[in-house]
Number of protein chains: 2
Amino acid sequence: MSKPLRIIVDHREPEKLKKRLIKLGMEVEEQQLDIADYIVSDQVACERKTGTDLITSLMDNRLFEQIDRLIETYEQPFLLLEDLSSAFERTEWKKRKKHVYGALTYIFLRRQVPVIPTCQMSETAIALNRIASWVQEDHDDPIIARKSPKARSLRDNQLFFLQGLHNTGLKKAKILIDKFESPIEVLNAILDSNVIYTKTGNPKGVEGTFKNLEGFGPKYLLKNQELLRLSDKNSQ
Amino acid sequence: MSKPLRIIVDHREPEKLKKRLIKLGMEVEEQQLDIADYIVSDQVACERKTGTDLITSLMDNRLFEQIDRLIETYEQPFLLLEDLSSAFERTEWKKRKKHVYGALTYIFLRRQVPVIPTCQMSETAIALNRIASWVQEDHDDPIIARKSPKARSLRDNQLFFLQGLHNTGLKKAKILIDKFESPIEVLNAILDSNVIYTKTGNPKGVEGTFKNLEGFGPKYLLKNQELLRLSDKNSQ
DNA sequence: CTGTAATCTTTATGA
DNA sequence: TCATAAAGATTACAG
């Protein structure tokens, strides 16, 4: 197990919720917070509201003010909306659905603050835990991991490998490997090709092995040369 | 009263919901939609999911595929999450709250797709109505463009590419690119390394750049040299 | 998405 | 050198 997930909690938040977070193995630090209820990192923080809270803060015009301060302070703020249905249980509020969803629409369209709904307090704790996990643990790299089946033929593995190239699916991979025999020769051919530019500096065509190969134009070559050759430091 | 609010609805969506929208005074156009359930404008569209839908589409890996298509197609996509609590009513799903909130976290943190929760179908109609109102009627405040999820960086693409190697996941890909700077240098290093055998012919160790690199042994090198170098004809 | 099991590979250890 | 066990990653699958 690695380091525990940490979270800073406003001291006015319910004790029960803090207990839940601790029970989930988190390190809870209590503070007096002015602009948020929970802080997951210097960039990620949220305001927690129950359905009832939402209505009341909507009625005394406190809601949008709070949201705005959240936006100003944190790069990635969000709203934890716990038990939305509680907003409608009192009969005198039943007619207010239009207001509530108008407010949510405003929050999402105009303010671009994401909302995470939960059904009850225990789930709010789980949600906070998952968010902390994504923010603090090594999920950081937004990689769509590639899963490569293991027991396949050499050719299948080579085709799979080449599909990691930019703009390359099964079809192009097949063309490439049929023409150049082995993957490394494919890559060398890509690197050895040159793009011809017009006088005005626009890519015009290619010279080298790819000259007469349909579907592999200047853009394809440039993109993949970059992919293969560039070290990350130079770019960015 | 100005022009009625318009909305395009996928024909597979529940009849009851369409009726609700009409009752709210909206002009409902039915179509067969491939990538969204409701379209409010060419930029604004959403996928509607009940809690139950969320779980099922999570289990058969359909959820993120749908979300991704939504992102690619519309400037401002969002997710209408109706009756989240229904996700937990089946007892076998009770234990799976972590999955649900993990998914929601992923959707909002990594994909930057907003979620609008509603408690029941009638409220979903109201929410759609409010959103259409914001989008189609004149508001003083313009809609703020969604900050799209950060495009895959060069490094991400390179990591993705290297994961096409044999027995190489994210972890090894990171180690390789950090050490060798660019993908082509990684591959060259693999090809330049040699395996040392014992007198009896068993692989013992490696020489070359990989000599002191933990986690990359003889078998790794042999397998990947084969992957890169062999033309399919020689093998099989 | 999350969790767990199965698989593969390297590395450490002792004979 | 060999054999085996322990540790680490990656892949597969189920819910």
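Each chain gets a letter, A, B and so on, in the order the sequences are listed, and its residues count up from 1. What's counted below: heavy atoms across the whole structure, side chains too, no hydrogens, waters or symmetry copies.
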Tightest non-hydrogen contact, residues L230(B) and P183(A), listed as O-CD, 4.1 Å
Hey, does K95(B) reach any base, or is it just sugar-phosphate, or nothing, if we go heavy atoms under 4.0 Å?
nothing
Take the protein atom CZ of F160(A) and the nucleotide atom P of dT11(D), then report the distance between them rounded to whole Å.
8 Å
Set of ring pair (Phe, Tyr, Trp, His ring centres under 6.0 Å) partners for F160(A), sequence neighbours left out
none
Hits for side chain to side chain donor-acceptor pair (under 3.5 Å) against E15(B), two or more places apart or cross-chain, chain-then-number order -> K18(B)
Between K174(B) (NZ) and dA9(D) (P), how many Å, whole number?
12 Å
Note: contacts of residues 57-65 of chain B with DNA chain C (heavy atom, under 4.0 Å) are L58(B), N61(B), F64(B)
Indicate whether the side chain of Q158(B) and that of E181(B) have a donor and an acceptor atom separated by less than 3.5 Å.
no
For Y38(A), which residues count as a ring pair (Phe, Tyr, Trp, His ring centres under 6.0 Å) partner, sequence neighbours excluded?
none
With the side chain defined as heavy atoms from C-beta on, K204(B) is closest, among dT1(D), dT10(D), dC2(D), to dT1(D)
With the side chain defined as heavy atoms from C-beta on, T200(B) is closest, among dG15(D), dA9(D), dT1(D), to dT1(D)
Mind jotting down which residue pairs meet the side-chain hydrogen bond (donor to acceptor under 3.5 Å, both in side chains) criterion with at least one end in residues 120-129 of chain A? Sequence neighbours excluded, please.
E82(A)-T124(A), T118(A)-T124(A), Q120(A)-S122(A), E123(A)-K97(B), E123(A)-Y101(B)
Within residues 208-227 of chain B, those residues having any heavy atom closer than 4.0 Å to DNA chain D are none
Atom-pair distance (CG on L165(B); C1' on dT11(D)), nearest Å
15 Å
Counting the atoms with a prime plus P, OP1 and OP2 as sugar-phosphate, which does T105(B) contact under 4.0 Å by heavy atoms, base, sugar-phosphate, or nothing?
nothing
Could you tell me the separation between the CD atom of E92(B) and the C1' atom of dA14(D), rounded to a whole number of Å?
13 Å
Excluding sequence neighbours, so at least two apart, what forms ring pair (Phe, Tyr, Trp, His ring centres under 6.0 Å) with F88(B)?
none
What pairs meet the ring-ring contact (aromatic ring centres under 6.0 Å, His included) rule with one or both residues in residues 41-81 of chain B, with sequence neighbours excluded?
F108(A)-F78(B), F64(B)-Y106(B)
Non-neighbouring partners of E226(A) that pass side chain to side chain donor-acceptor pair (under 3.5 Å), sequence neighbours left out:
none
Who passes side chain to side chain donor-acceptor pair (under 3.5 Å) against D42(B), sequence neighbours left out?
none
Segment of DNA chain C, first to last nucleotide, that comes within the 4.0 Å heavy-atom reach of chain B:
dC1(C) to dT11(C)
Check side chain to side chain donor-acceptor pair (under 3.5 Å) between S57(A) and all other residues, then give those that pass, not counting sequence neighbours.
none
